[in-house]
Every structure is written in structure tokens, then in C-alpha cells.
Amino acid sequence: MTNTTYDLGHLSVLISGAGVAGPALALNLLRYGARVTVVEKAPELRGGGFAVDFRGHVHREVLTGMGIWDEIHARQTHMGRQIVVAADGSPKVDLPSEMMSGDVEILRGDLAHIMYERTRDRVEYVFDDSIATLTDTPHGVDITFDRGPARRFDLVIGADGLHSRTRSLVFGDESRHLRFLDHYVAGFDAPNGLGLHRTGRLYSEPGRAIALGNYGGDPDRVVALLVFRSERLSYDRQDVAAQKRILAERFAGTGWEGPHVLKALEAADDLYFDAIAQIHVDRLTEGRVALLGDAGYGATMGGMGTGVAIVGAYVLAGELALAGGDHRTAFAAYESRIRGFAKGCQKTAGNAGPFFAPPTERRIRGRDRMYRLLASRPMAAFFKRITEKSATNIRLPEYPA
Ligand SMILES: Cc1cc2nc3c(=O)[nH]c(=O)nc-3n(C[C@H](O)[C@H](O)[C@H](O)COP(=O)(O)OP(=O)(O)OC[C@H]3O[C@@H](n4cnc5c(N)ncnc54)[C@H](O)[C@@H]3O)c2cc1C
């Protein structure tokens with residue numbers, strides 16, 4: 001076969017969502033010359049979020065293939081150990097960095113930026129808009145947008161996160177696919193009152209937890225992560241003030257840095273707030289539409305959602321290239337390669353909420369005992385092997401370079 005076989009110049013692809021999965025797919029598709037449009041409902045690329053990590057040879061191979069392995073290293077957090085603390089700040093358990101931060105760790109916002117910067121000149125990014133309706137026809141997908149004019153694309157990829165509109169439009173209502181895991185998570189930027197440098201602290205009370213981490217960068221700021229156990233809440237996802245009120249209520253009276261964190265929350269302009277939840281769909285593709293990343297197999301914290309999304313983007317683009325743009329062949333291969341891999345990562349993530357915020361004092365003590373053991377040298381290596389196992393449980397074919 002000659003290289004021209006892999007040329008996707010004839011293919012127009014609309015990606016919904018410029019989180020992590022969307023720009024990752026755009027970057028991979030550009031390698032084969034596809035014409036890519038990304039529509040993102042936020043007015044600009046969304047920064048923020050906690051650190052995300054990569055582990056094992058599959059992530060390395062994919063990020064190297066995408067040409068961003070070195071840049072990720074250049075901007076890695078170099079996070080040291082993280083410490084579970086008591087209410088007075090005294091240390092209870094040391095969590096070594098190889099356990100918490102994988103082989104290389106980077107802030108989610110920095111990762112999104114790297115991929116956006118590498119694609120923005122050759123990809124059409126449309127911010128502040130969203131798919132409104134989608135009609136799959138034998139010759140393409142007819143799209144109307146909330147704001148922009150109607151257009152037709154050869155393929156549409158839903159990379160619009162846990163609450164994907166693409167998924168709702170094509171695969172059915174969210175209630176059929178979203179599995180709520182009894183917790184919520186919030187993340188935002190806060191002052192570094194503890195003077196942390198490349199280290200983090202985790203404080204848990206029954207059913208709620210605060211983690212603070214400084215990842216290098218600005219010495220005066222930390223990322224604050226709040227986790228709480230809860231029944232399913234009904235709130236407007238666009239209403240940030242309402243989300244802040246929920247958090248203020250749930251964290252009222254929290255010890256340790258609680259009062260300072262709540263004050264920082266009032267001022268936060270980058271709040272991320274969502275259910276700890278997973279997405280389970282019967283199939284990832286339908287006609288000319290496919291789901292990618294959290295939209296198709298969201299795993300939540302601890303499930304390497306970012307790593308799976310990046311591998312998914314690499315595989316989807318690679319299969320399209322191998323199939324010369326024939327979406328039927330490519331989608332079937334994508335589905336069969338990614339499904340089992342993503343399921344394995346989802347399994348490792350089921351316990352994220354109770355890890356941060358065990359429901360009782362007894363369970364908190366039990367977690368601390370277990371992690372004290374896991375953090376010991378031989379067990380830390382074992383723990384690393386276990387997490388790497390799901391991150392490497394996929395065989396990647398050789399995609400055209
Ligand atoms: C701002 C932000 C902060 C995050 N912080 C954390 C964190 O602290 N911890 C954690 O575990 N996970 C966090 N996540 C989720 C994490 O990024 C994903 O689990 C993972 O990286 C997979 O990425 P994704 O691109 O599939 O989904 P996401 O990163 O969620 O990206 C989805 C993108 O689609 C956009 N979008 C949504 N609906 C539409 C629509 N109708 N039309 C067009 N665009 C749409 C969203 O604005 C977003 O940019 C965060 C996500 C965001 C957006």
C-alpha cells in the first residue's frame with residue numbers, strides 16, 4: 001500500500017466537544033489530512049481541573065505517536081508525595097508519588113492546551129455553539145447548530161463528556177447510560193495557605209473530603225478538590241452559583257482547612273462540579289456517529305478517563321486511516337478494540353468516592369490502615385502494577401505514521 005491510501009483529505013469530521021478527547025482526535029485526524037471541525041459549547045477552551053496521569057507502555061506509545069510525549073514531560077507536575085492528614089494537619093499516611101501520579105502527570109488544562117495549540121491553525125474550532133439536531137443520511141450527517149448555520153459532515157464524533165448531547169440525540173436519554181456512584185466532585189483554584197510545593201494533602205470526614213495540591217507552577221495557588229457522598233441531586237448544570245451553594249451547605253462546619261476552602265470557593269471562577277459517575281452504553285457507534293472519551297465510556301476519577309480518551313482518539317483515527325475513510329469498517333474495529341479496554345479501566349475506578357470520603361470514622365480508619373500498607377515499598381510497586389494492568393490491556397496495531 002502506498003501512503004496515499006491513508007489520506008483522509010476527502011473526509012469531513014465534526015467533533016462535538018473541545019475537552020481532552022476532542023482535541024486529541026483532531027490532532028490524530030490531522031496526521032491523515034482529514035478536514036476537522038470542533039464545536040464547543042464553552043466560549044473558549046476550558047482550563048482547570050485536577051492533574052491527570054499516564055501509566056504504562058500503551059499511553060507512552062500513543063502520546064509518542066501523537067508527537068506530544070516530550071511536551072507533556074516538559075510541563076509535567078513533578079508532584080511529590082501526598083499526605084493524608086488529621087483535622088489538626090498532622091500526617092496520618094504518606095502516599096508516594098508513583099502510586100498517585102503515574103509515570104508522568106500533567107494538569108488537565110495544560111494537556112488540553114498542548115493539543116489545542118497544535119491543532120488550532122488547521123482545525124476549525126467553533127466556540128460558544130453546540131449541535132442542536134442531527135440527521136444521519138446515506139450521504140452524510142445533516143447538522144443544525146444552536147447558533148451557526150446548518151451544515152453536512154461525513155462523520156460526527158461525540159466527545160462532549162459525561163453529559164454528551166450527541167449521545168442523547170443518537171443513543172437515547174442520559175438516564176439509560178449514566179451510572180451514578182453516590183458521590184459528587186468539585187475542583188477549583190484556591191490560595192496556597194499551607195505553603196505546599198509540589199505536594200498534596202487529603203483530609204476526610206465521614207462522607208466528605210478536601211484535597212489540596214500544588215503542582216508547581218504558581219507557588220501561591222493550589223487546586224482544591226472536594227468530594228462528598230450524596231443522593232442524586234437535581235440542579236442546573238449551567239448555574240454555577242447554585243453549585244456553589246450546594247458545596248457550601250455540604251461542607252459547612254468541615255474541620256482542617258474547611259473554612260478557608262469555602263472562602264476560596266466563593267471567589268472561584270473556574271469551578272468544575274459533577275457527579276462521580278460512569279457511562280455504560282450498548283454500542284459506541286451508530287451509522288456515521290461515534291462516541292469518544294467520557295461521552296462513550298466515562299470512568300470518573302481513578303479510571304484513567306483521560307488516558308482512555310487519548311487511546312480512544314488514537315485508535316479511532318488510526319482505524320479510519322487503515323480503512324481509507326470507510327466508517328463502517330473503521331467504527332467496527334474501534335468498537336471492538338476500545339470497548340473491553342475501557343471497561344477494564346472503569347472497573348478500577350468504582351471505588352473513587354469511598355477512597356476520598358469513606359462514610360464513617362471506622363471506614364476512614366480502615367482506609368488509612370490499608371493505604372499505609374499499600375504505600376510501603378513492596379506494596380507500592382504491586383499497586384503500580386495493578387493500575388498499569390488496566391492501562392495497558394489493549395493491543396494496538398501499527399497505524400500508519
Ligand atoms: C473544566 C473541566 C475540569 C475537569 N476536571 C476534572 C477533575 O478535576 N477531575 C476529574 O476526574 N475529571 C475532570 N474533568 C473530566 C476529565 O477531563 C475527563 O474525564 C477526561 O479527560 C475525558 O475527557 P473528555 O474530553 O471525554 O471529557 P471532558 O474533558 O469533560 O470534555 C467534554 C467537553 O465537551 C464540552 N461539551 C459538553 N457539552 C457540549 C455540547 N452540547 N456541545 C459542545 N460541547 C460540549 C464541554 O464543555 C467540554 O469541554 C474535567 C472536565 C472539564 C471540562
Side-chain angles (χ1 to χ4, degrees), residues 19 46-53 77-93 95 97 100-101 105-112 183-230 233 235 237 239-276 300-302 305-306 352-358 364:
R46 297 178 64 185
F50 227 51
V52 296
D53 62 57
T77 61
H78 288 294
M79 193 67 165
R81 65 202 174 131
Q82 308 206 36
I83 301 173
V84 181
V85 294
D88 62 1
S90 57
K92 295 202 293 177
V93 189
L95 304 170
S97 63
M100 301 300 285
S101 307
E105 184 185 61
I106 183 167
L107 286 172
R108 180 202 165 279
D110 287 350
L111 175 67
H183 292 77
Y184 283 84
V185 56
F188 54 93
D189 188 71
N192 187 2
L194 295 176
L196 302 176
H197 178 64
R198 292 205 159 116
T199 180
R201 301 287 181 271
L202 167 64
Y203 170 70
S204 306
E205 290 180 359
R208 58 187 182 182
I210 299 175
L212 300 176
N214 171 274
Y215 292 88
D218 188 343
D220 297 327
R221 312 297 297 176
V222 288
V223 178
L225 183 87
L226 272 53
V227 175
F228 64 93
R229 187 179 173 82
S230 171
L233 300 172
Y235 63 92
R237 273 191 286 110
D239 187 348
V240 176
Q243 294 163 25
K244 286 186 178 183
R245 275 198 301 278
I246 293 172
L247 287 163
E249 271 168 30
R250 298 292 176 135
F251 282 84
T254 313
W256 188 55
E257 290 292 299
H260 298 130
V261 170
L262 285 186
K263 201 151 191 300
L265 170 69
E266 279 173 30
D269 59 6
D270 63 342
L271 179 66
Y272 168 78
F273 180 80
D274 213 329
I276 295 191
T300 200
M301 302 156 77
T306 305
F355 163 74
F356 280 96
I364 292 177

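Any value given below was found using the heavy atoms of this structure, including those in side chains, with hydrogens, waters and symmetry copies removed. Computed from a predicted structure; not experimentally measured. Residue numbers count from 1 along this sequence.
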Taking every non-hydrogen atom, the tightest pair across [X] and [Y]:
X      : Y      : result
Leu202 : Ala211 : CD1-CB, 4.1 Å
Pro91  : Ile83  : CB-CG2, 3.6 Å
Ala112 : Gly19  : CB-O, 3.8 Å
Ile210 : Gly258 : CD1-CA, 3.7 Å

#### Entry: Working for side-chain contact (heavy atoms from CB on, under 4.5 Å), residues Leu212 and His260
CA-CA 11 Å; Leu212 300 176; His260 298 130; over 6 Å; no
Using modelled atom types and a 3.5 Å cut-off, is there a donor and acceptor pairing between side-chain atoms of [X] and backbone atoms of [Y]?
X      : Y      : result
Ser204 : Ala357 : no
Lys244 : Glu266 : yes
Tyr235 : Ile246 : no

### Message
Once salt bridge (charged side-chain N to carboxylate O under 4.0 Å, His left out) is applied, what residue pairs with a partner in residues 201-227 remain, sequence neighbours excluded?
### Response
Asp189-Arg221, Glu205-Arg208
### Task
Tell me, with the steps shown, if Val223 and Arg108 meet side-chain contact (heavy atoms from CB on, under 4.5 Å).
CA-CA 11 Å; Val223 178; Arg108 180 202 165 279; over 6 Å; no
Rounded at 0.5 Å granularity, tell me how far [atom1] in [X] sits from [atom2] in [Y].
X      : Y      : atom1 : atom2 : result
Leu265 : Phe273 : CG    : CZ    : 10.0 Å
Leu262 : Arg250 : CG    : CZ    : 13.5 Å
Thr77  : Asn214 : OG1   : CG    : 10.0 Å
Met79  : Thr199 : CE    : OG1   : 5.5 Å
Phe356 : Leu226 : CZ    : CG    : 11.0 Å

### Message
Students often mix this up, so state it plainly: with edges at 30° and 60°, are the rings of Phe50 and Tyr215 parallel, tilted or perpendicular?
### Response
perpendicular
### Task
Mind checking ring-ring contact (aromatic ring centres under 6.0 Å, His included) for Phe188 and listing every partner two or more places apart, or none if nothing turns up?
none
Just so I know, are the side chains of [X] and [Y] near enough to count as touching, which here means a heavy-atom distance under 4.5 Å?
X      : Y      : value
Ile364 : Pro206 : yes
Pro354 : His183 : yes
Leu247 : Leu271 : yes
Tyr203 : Thr254 : yes

### Test log, rule side-chain contact (heavy atoms from CB on, under 4.5 Å), inputs Trp256 and Val85
CA-CA 9 Å; Trp256 188 55; Val85 294; 3.7 Å; yes
